[in-house]
Amino acid sequence: MPAITNHMPTAELQALDSAHHMHPFTNGDELAAKGARVITRAKGVYLTDSEGVEILDGMAGLWCVNIGYGRDELAEVAARQMRELPYYNTFFQTTHVPAIALASKIAELAPGDLNHVFFAAGGSEANDTNIRMVRTYWDAKGKPDKKIIISRKNAYHGSSMGSASLGGMAGMHAQGGMPIPDIHHINQPDWWAEGGDMTPEAFGLARAQELEAAIQDLGEDRVAAFIAEPVQGAGGVIVAPDSYWPEIQRICDKYEILLIADEVITGFGRTGNWFGCQTLNIRPDIMTIAKGLSSGYQPVGGSVVSDEVAKTLGGVEFNHGYTYSGHPVAAAVALENLRILEEEGIVDRVRAETAPYLAEKWHSLGDHPLVGETRIVGMMASLALTPDKASRAKFASDPGTVGYICRERCFANNLIMRHVGDRMVISPPLVITKAEIDTLIDRARRALDECHAQLRERDLLKMAS
Ligand SMILES: *Cc1c(COP(=O)(O)O)cnc(C)c1O
């Protein structure tokens, strides 16, 4: 077989890709017919494809490349660490400096008494850890019946059996026998799609109170924890009404159930603070972290745990761990990423300058005929597409038809913006400049115009009845 390199013609790479590579969350036949776009390199906020075209990455990869692409420092650290100690485990009464240093740094950055880290290779693994950890915690407290974890419909917590069961994605639950037992889902705080005639504030309160109703229904003595993303990401960048989180916190406190904040996207500066729970004023007992922890340069994640939870688990042998928990190369790279985020003031700049600038531009898209609500927190934002703003109507076509067309128009205009159903979402690298934000908005507007023209031509502007 010839060497497969960047210099191969795109069509040959695409053919080999479809012959041998199974893509996540993809219909393989459809992709094979069309050919995947081959990404060959990246720098800053721009990707380059195998045809030499530059694409503005409005998604920071998969919500993760917070410091942007092409930072040599991380490559240097990885090479140095691989030469010194490429791998060792932390299972059998051994440890190593990268794991010690990264756990210490995370404890310093994390709010309150979240001072302990159990490492994983990503968010799914970390949430699987959380399921077992909270149940083991209640066992250790002498309350072994507290097993149920309450989550939300349309939440995303990962793709393993445990984490996808925690998640509330109907399409995922339909495949492979999910959810696992003792996971319960309440409704999400998506006012635009589900708020009906209520004000956002009344709706946010009502959705939070579903947690209280569920606890009373299931029995306080059987509920272990509530898990939620501070801002739903993969579900469509759903920002809860202001009334939601204070009520959730009140309920968790009242019934003494553990609050798990899944900060896989919202952590490490995405919302303009180090963690989303700081932006939203919540006090989790456990935070799930991954993605921005290493800016995606290495696969690493974990559970950040409060003093109280760690102390309770201290006397238990927790029969759980991953070969790559605390992997030294991943840990060293993550530490260097955190150094850059901190020393270059990237999180502060997001909060003070670039996120407010993006917010102003993003809201300006609200005057487009296709755009209903515009939502943004820090550097994650969404647009709800609608055939009629006043009534918040849905399209008559299958959900996602219009979003897909819009995403294709973005792709054609060299902008990566994702669609979730008929919502468009962005989550750009945190280092995006004001000039690059202008480019992003220009391309988004052009894509919206082209999408609108197509919908008119194809008679897809009809409202669902
Ligand atoms: C991406 C994501 C996960 C899963 O992380 P992986 O690293 O893909 O396993 C979990 N929770 C949230 C909120 C995510 O966005």
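Both ligands and their constituent atoms are indexed starting at 1 by order of listing. Numbers for residues simply follow the sequence, beginning at 1.
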Any side-chain donor near an acceptor of the partner, [X] and [Y], under 3.5 Å:
{"X": "T288", "Y": "N130", "value": "yes"}
{"X": "Y137", "Y": "E308", "value": "yes"}
{"X": "T279", "Y": "N273", "value": "yes"}
{"X": "S295", "Y": "N337", "value": "yes"}
{"X": "N127", "Y": "D262", "value": "yes"}

> Under a 4.0 Å heavy-atom cut-off, which residues neighbour ligand 1?
Replying inline: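 Those residues closer than 4.0 Å to ligand 1 by some heavy atom are G122, G123, S124, N127, Y156, H157, G158, E229, D262, V264, I265, K291.
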>> Which residues pass the salt bridge (charged side-chain N to carboxylate O under 4.0 Å, His left out) test with E343, not counting sequence neighbours?
In response: R339
